[in-house]
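Inspection log for the structure reproduced underneath, given as structure tokens.
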2 protein chains.
Amino acid sequence: MTRSFEPDATDRAILRLIQKDAALSLADIAKDVGLTPTPCWKRIRKMEQEGVITGRVVLLDPEKVGLGVSVFVAIETGDHSAPWIEAFATTVAKMPEIVECWRLGGDVDYLLRVVVSDMQAFDSFYRRLTAQVPSLRKVTSRFAMERVKSTTALPI
Amino acid sequence: MTRSFEPDATDRAILRLIQKDAALSLADIAKDVGLTPTPCWKRIRKMEQEGVITGRVVLLDPEKVGLGVSVFVAIETGDHSAPWIEAFATTVAKMPEIVECWRLGGDVDYLLRVVVSDMQAFDSFYRRLTAQVPSLRKVTSRFAMERVKSTTALPI
DNA sequence: CTTGCAACAGAAAGATTTTCCTTCTACACG
DNA sequence: CGTGTAGAAGGAAAATCTTTCTGTTGCAAG
């Protein structure tokens, strides 16, 4: 796969900054990377158009909004057919408690991170999940005790 | 734990919006939640000051910046002392490839997500990790085949 | 009532976006 | 060689739009 976009050192400097704080003004970003606001803005817009930048979002403190419980759910399926995989992806997309879902190689087929308010809410989620998804061979839930680190900033 | 902040329906509507797109103008947000820009802005500022909103960031496409490989590393430690835990957290904080690190309850002590460019980069990371962290009893790496879902938006 | 909170309209301050211009480099051609 | 041209990248300044702040009003609870 040849990458269509090759960020130079300046692009990367910009990305490193706004990956951490997208509220910085163009003037500040520009000063930091040694440009004036205009070319800086042009680079950012280009990266948005090319899909390098996929969005701007605010992050919330899960505790503060009463969603302090993260649970990792490892799933082994008994059905590896394309229709099952597709149906599973659709179900996952529809459940907002699932904030991450990865298909893995190896013993575990899927790993989910589920965000809920408490154990009871997780139980409710768990029942809905297992009721909706057929052919689950093994489901292992592990509760997070502490969020040691969690960042959206890629090591660019 | 009593929560100091109780968002009302309007606060939550605002959060749902800007969790998905923080580039929306106040005018747009206000129209959507049925307010004028000023009270809307005051609510957002309040939530920022109270720490409900922890930051504004841009999200990147990992593939487009050449970091398309995510690996989950499950760690079981042989040392559960406070100093070990602290030292481990410090090491994790210093390694930018580790984008998530959770301390779990149960058989697995820690679960990491590591973002790298390719298998070779992961091997390099793996060597550095195991060289720096003592008393690792078991380390299991699972490669992500597909990112089925990944969102920063909490189900508020 | 009246007190306090939340909303509003409108103005000021500040940021973004556009337009236009300059510079630099690479490359083709006389 | 020297010159002309195209394309990429930067910059200054103006226009436009947003955010932020002011003062004021309305409404609900006490």
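Letters A, B, ... are given to chains in the order of the sequence lines, protein chains preceding strands, and every chain is numbered from 1. Quick caveat: nothing in here was measured; it's all calculated off a predicted structure.
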*Does a nitrogen or oxygen in the side chain of A/R45 sit under 4.0 Å from OP1 or OP2 of C/dT16?*
no
_Using whole Å, what does the distance between atom P of nucleotide C/dA15 and atom CZ of A/R56 come to?_
15 Å
_A/E48 and its salt bridge (Lys or Arg N to Asp or Glu O under 4.0 Å) partner, picked from A/R43, A/K42, A/R56_ = A/R56
*With a 3.5 Å cut-off and no angle check, do the side chains of B/R113 and B/S70 form a donor-acceptor pair?*
yes
*For the side chain of A/K42, counting heavy atoms from C-beta on, which of C/dA9, C/dC20, C/dA15 is nearest?*
C/dC20
*Once you round it to whole Å, what is the distance between P of C/dG14 and CG of A/L24?*
17 Å
*d(CG, B/D11; P, C/dA7) in whole Å*: 9 Å
*Does the ring centre of A/W102 sit less than 6.0 Å away from the ring centre of B/F72?*
yes
*Give the nucleotide from the list C/dT16, D/dT18, D/dA9 with an atom nearest to the side chain of B/S25.*
D/dT18
_Nearest to side-chain heavy atoms of A/R43, which nucleotide of D/dG11, C/dG10, D/dA9_ = D/dA9
_Between B/W41 and D/dT20, is there a contact of a side-chain N or O with OP1 or OP2 at under 4.0 Å?_
yes
_Residue whose nearest DNA chain C nucleotide is more 5′ - B/T38 or A/T38_ = B/T38
*How many Å lie between CG on B/L26 and C1' on D/dC17, as a whole number?*
12 Å
*Which heavy atom of A/E97 sits nearest a heavy atom of A/V116, and at what distance?*
CG-CG1, 4.2 Å
*asked:* What is the distance, to the nearest angstrom, from the CD1 atom on B/I44 to the P atom on D/dT19?
replied: 8 Å
*Give me the ring orientation class for B/Y126 and B/F122: parallel if the planes are under 30° apart, tilted from 30 to 60°, perpendicular past 60°.*
tilted
*asked:* Using the side-chain heavy atoms of B/T36, tell me which of these nucleotides is nearest: D/dG10, C/dT19, C/dA9.
replied: C/dA9
*Could you state the atom-to-atom distance from NZ of B/K46 to P of C/dA6 in whole Å?*
7 Å
*To the nearest Å, how far apart are B/L35 CG and C/dA6 P?*
12 Å
